[in-house]
Q: 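This is the structure, below, for whatever I ask next.
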Amino acid sequence: MTHMTKPPQILIVEDEILIAMDLEDMVAEMGGAAVASAHTIQAAMKLAESIEADAAILDVDVAGQLVFPVADILAARGIPFLFNTGHSAEDILRSRYQSAPICRKPTLPRQLKTALKQLLASKNNSMDNGSGPLPA
């Protein structure tokens, strides 16, 4: 079997279906794969606990609930994430998740792609923490 590099697997948490579809398209354009999309906090938490993802794009306000429980699970598992939000609580995000980039809606695809590339690069650089399989 040849060593093909698997496209980056991205979890998308977004309650607005059209925005979620746009994000999936954008991830695909970058050569990534939207491994799953969640439209509720409950579904997102289940995915965050079980999914093998390289990074995640999180809406802050998902159907009226804050995404923090999902972010906490991802952080504990060492899966980097960014916030894609129209939410104004940027100071809370900064204090809770210093390393997570914040993209403001409506997000420019270029801005989001840049943030996502940085996340994936940072994950690849921190592969020495002993969690998860190393890339082939």
Q: Angle class for the Phe81/Tyr97 ring planes (parallel below 30°, perpendicular above 60°, tilted otherwise)?
A: perpendicular
Q: For Leu18, does the CG atom have more than 12 heavy-atom neighbours from other residues, nucleotides or ligands under 6.0 Å away?
A: no
Q: What's the shortest heavy-atom distance between Ala44 and Val70, and which atoms?
A: CB-CG2, 3.6 Å
Q: Please table the atom pairs, donor to acceptor, closer than 3.5 Å between any side-chain atom in residues 21-38 and protein atoms at least two apart or in another chain.
A:
residue	atom	partner	partner atom	Å
Glu24	OE2	Ser37	OG	2.6
Glu29	OE1	Lys113	NZ	3.1

Q: Excluding sequence neighbours, so at least two apart, what forms salt bridge (charged side-chain N to carboxylate O under 4.0 Å, His left out) with Asp61?
A: none
Q: Can you give me the closest heavy-atom contact between Asp15 and Ala63, atom names plus distance?
A: OD2-N, 2.6 Å
Q: Quick check: closest heavy atoms across Ala115 and Leu82, and the distance to 0.1 Å?
A: CB-CD2, 3.7 Å
Q: Give a yes or no on whether Leu93 and Ile73 share a hydrophobic cluster (residues Ile, Leu, Val, Met, Phe, Trp, Tyr; joining criterion: side-chain heavy atoms under 4.5 Å apart).
A: yes
Q: Group every Ile, Leu, Val, Met, Phe, Trp and Tyr by side-chain heavy-atom contacts under 4.5 Å, then state whether Ile79 and Phe83 land in the same group.
A: yes
Q: Please, which pairs that meet salt bridge (charged side-chain N to carboxylate O under 4.0 Å, His left out) have at least one residue in residues 31-51, sequence neighbours excluded?
A: none
Q: For the residue pair Pro7 and Asp54, what are the closest heavy atoms and their distance?
A: O-OD2, 4.2 Å
Q: Can you name the salt bridge (charged side-chain N to carboxylate O under 4.0 Å, His left out) partners of Lys105, sequence neighbours left out?
A: Glu14, Asp59
Q: Got a second to check how far Lys117's NZ is from Ser122's OG, nearest 0.5 Å?
A: 14.5 Å
Q: How long is the gap from CG on Leu47 to CG on Leu11, to the nearest 0.5 Å?
A: 6.0 Å
Q: What heavy-atom pair brings Met45 and Pro69 nearest, and what distance separates the two atoms?
A: SD-CB, 3.7 Å
Q: Report the distance from atom CD1 of Ile19 to atom NE2 of His39, rounding to the nearest 0.5 Å.
A: 12.0 Å
Q: Can you tell me how far apart CG (Leu58) and CG (Leu66) are? Round to the nearest 0.5 Å.
A: 12.0 Å
Q: If we ignore hydrogens and angles and just use 3.5 Å, is the side chain of Arg77 paired with the main-chain N or O of Ile51 as donor and acceptor?
A: yes
Q: Could you tell me which residues satisfy side chain to side chain contact (heavy atoms under 4.5 Å, CB included) with Thr40, sequence neighbours excluded, listed by chain and number?
A: Gln42, Ala43
Q: Can you name the nearest heavy-atom pair linking Ala48 to Leu74, along with the distance?
A: CB-CD2, 3.9 Å
Q: For Ala55, which residues count as a side chain to side chain contact (heavy atoms under 4.5 Å, CB included) partner, sequence neighbours excluded?
A: Ile10, Pro80, Leu116, Leu119, Leu120
